[in-house]
Amino acid sequence: MNAKANTPLSRADFEKALRAKGAYYHIHHPFHRAMYGGECTPEQIRGWVANRYYYQIKIPQKDAAIMANCPDAAVRRLWLQRILDHDGHSDDAGGIEAWLLLAESVGLSREEVIDQRHVLPGVRFAVDAYLNFARRASWQEAACSSLTELFAPEIHQSRLDSWPDHYPWIEPDGYRYFRKRLSEARRDVEHGLGITLDHFQSPAQQQRAFEILQFKLDILWTMLDAMSMAYVHKTPPYHTVTDAKVWHRGL
């Protein structure tokens, strides 16, 4: 924030400070660095894809919650596109379907991804926290939480640039999701950023925006922490008390 606590940041400085939060984006997490460095095993790639599916299917619900809390029809008309991008429309099967193609391309079956058998408790808890926030916050605050999209094109491009060389066993059709999101994320962030810059104008409001964006960054980072424990450090949930392969079945 501005050194003068009672003076709000200018619009340009506020945007600059929001973008600076990219230093905490999960592209810098060791698990993700290993992925684009070609250091992940097939098991680790599959675990990441299966767990991120849970995040993907909650995104349209998050966006629907924002729309439900928003009284502005003009905003809702624009925000609706996000739901269509993920759920699909007309001849576009949507991002969730593209993610399932990625799952198949890395060797997972649709059934095992859709039934969420591989979703880790830490991932589920983090994603549910994000969805609950979107449902309970004001629509402007929930929109602000989407601003991790500021940094998303870089992470998608890193996968497109590095994965084909490092993981030639992945079927090329699996990269459709990342190509799709390159343009969609850039479009979405323009809208979400405009809402945030317009709404969060006082020093207290701007500080709140930073806290919200950090919360979302924490969600993404925590998801990778859970995956690192399970797939890198080989300490999956309940590994000390039961067979790691059956913990999710409630046995």
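Between Arg181 and Glu184 there is a salt bridge, since a side-chain N of the basic residue sits under 4.0 Å from a carboxylate O of the acidic one. Using a 4.0 Å cut-off between a side-chain N of Lys or Arg and a carboxylate O of Asp or Glu, Glu171 and Arg176 do not qualify as a salt bridge. A salt bridge links Arg82 with Glu149: the closest approach of a Lys/Arg side-chain nitrogen to an acidic carboxylate oxygen falls below 4.0 angstrom. The existence of a salt bridge linking Arg19 and Glu15 is confirmed by a sub-4.0 Å separation between a basic side-chain nitrogen and an acidic carboxylate oxygen.
In this structure, Ile114 CD1 and Gln116 CD are separated by 9.5 Å, a value rounded to the nearest 0.5 Å. With rounding to the nearest 0.5 angstrom, the CD1 atom of Ile155 is 5.0 Å from the CD1 atom of Ile27. Interatomic distance, NE2 of His86 versus CD1 of Ile96, reported as 6.5 Å (0.5 Å rounding). For the atom pair CD of Gln140 and OG of Ser145, the computed distance is 12.0 Å after rounding to the nearest 0.5 Å. Ile57 CD1 to Leu131 CG: the interatomic distance, rounded to the nearest 0.5 Å, is 10.5 Å. Put simply, CG on Leu213 and SG on Cys144 are 6.0 Å apart, with the number rounded to the nearest 0.5 Å.
Side-chain atoms of Asp218 and Tyr130 form no donor-acceptor pair, as typed in the model, at a separation below 3.5 Å.
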Assess the residue pair His89 and Ile83 against the criterion (side chain to side chain contact (heavy atoms under 4.5 Å, CB included)); give the C-alpha distance rounded to whole Å, side-chain angles, the decisive distance to 0.1 Å, and a yes or no. CA-CA 9 Å; His89 60 94; Ile83 297 177; over 6 Å; no

Applying side chain to side chain contact (heavy atoms under 4.5 Å, CB included) to Phe133 and Ile219, what does each step give before you reach the verdict? CA-CA 11 Å; Phe133 171 80; Ile219 293 293; over 6 Å; no

Quick one, Leu102 with Val49, criterion side chain to side chain contact (heavy atoms under 4.5 Å, CB included). Give me CA distance, side-chain angles, the key distance, then yes/no. CA-CA 8 Å; Leu102 171 63; Val49 170; 4.1 Å; yes

Could you go through Val119 and Tyr53, starting from their C-alpha distance and side-chain angles, then the distance that decides it, and tell me whether this counts as side chain to side chain contact (heavy atoms under 4.5 Å, CB included)? CA-CA 8 Å; Val119 178; Tyr53 174 77; 5.9 Å; no

Apply salt bridge (charged side-chain N to carboxylate O under 4.0 Å, His left out) to residues Arg136 and Glu141 and explain how you reach the verdict. CA-CA 10 Å; Arg136 297 169 182 172; Glu141 289 194 339; over 6 Å; no

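The main-chain N or O of Leu9 is found under 3.5 Å from a side-chain atom of Gln206 such that the two form a donor-acceptor pair. Side-chain atoms of Asn69 come within 3.5 Å of backbone atoms of Arg135 as a donor-acceptor pair (strictly under, hydrogens ignored). No donor-acceptor pair closer than 3.5 Å links the side chain of Glu154 to the backbone N or O of Phe151. Under a 3.5 Å cut-off, the side chain of Lys180 and the backbone N or O of Asp85 do form a donor-acceptor pair. Between the side chain of His239 and the backbone N or O of Pro236, at least one donor-acceptor pair lies under 3.5 Å. Not one N or O on the side chain of Asp63 forms a donor-acceptor pair closer than 3.5 Å with the backbone of Leu80. Using a distance-only test at 3.5 Å, with no hydrogens or angles considered, a donor-acceptor pair links the side chain of Gln44 to the main chain of Tyr231. Without hydrogens or angle criteria, Tyr55 side chain to Val123 main chain gives no donor-acceptor distance under 3.5 Å. A side-chain donor-acceptor contact under 3.5 Å links Arg46 to the backbone of Val106. Within the 3.5 Å criterion, the main-chain N or O of Gln201 finds a donor-acceptor partner in the side chain of Gln205.
Using bins of under 30°, 30° to 60° and over 60° for the plane-to-plane angle, the ring pair Tyr175/Phe178 lands in the tilted bin.
Atom CD of Glu112 has more than 12 heavy atoms from other residues, nucleotides or ligands within 6.0 Å.
Closest heavy-atom contact between Thr196 and Ala209: CG2-CB, 4.4 Å. Closest approach of Leu120 and Ala226 over heavy atoms only: CD1-O, 3.5 Å. Closest approach of Gly95 and Tyr177 over heavy atoms only: O-CD1, 3.4 Å. The minimum heavy-atom distance between Trp79 and Ala143, with the atom names listed, is CH2-CB, 3.6 Å. Closest approach of Ala103 to Val113, counting heavy atoms only: CB-CG2, 3.7 Å. Nearest heavy atom pair, residue Leu147 against residue Gly192, reads CD2-C, 3.7 Å.
Between Met223 and His26, every side-chain heavy-atom pair lies at or beyond the 4.5 Å cut-off. A heavy-atom distance below 4.5 Å is found between the side chains of Leu18 and Leu197. Side-chain atoms of Pro153 and Val189, non-hydrogen and from C-beta on, never get closer than 4.5 Å to each other. Contact of the Pro42 side chain with the Tyr167 side chain is not registered, since no non-hydrogen atoms from C-beta on lie closer than 4.5 Å. Counting only heavy atoms from C-beta outward, the side chains of Lys21 and Thr148 never approach each other to under 4.5 Å. Counting heavy atoms from C-beta outward, Arg11 and Asp198 have side chains that approach closer than 4.5 Å. Side-chain contact between His32 and Arg159: present, with at least one pair of heavy atoms (C-beta onward) separated by less than 4.5 Å.
Taking the six-membered ring for Trp, His28 and Tyr24 have ring centres at least 6.0 Å apart. Ring to ring, Phe14 and Phe200 are not that close: their centroids are 6.0 angstrom or more apart.
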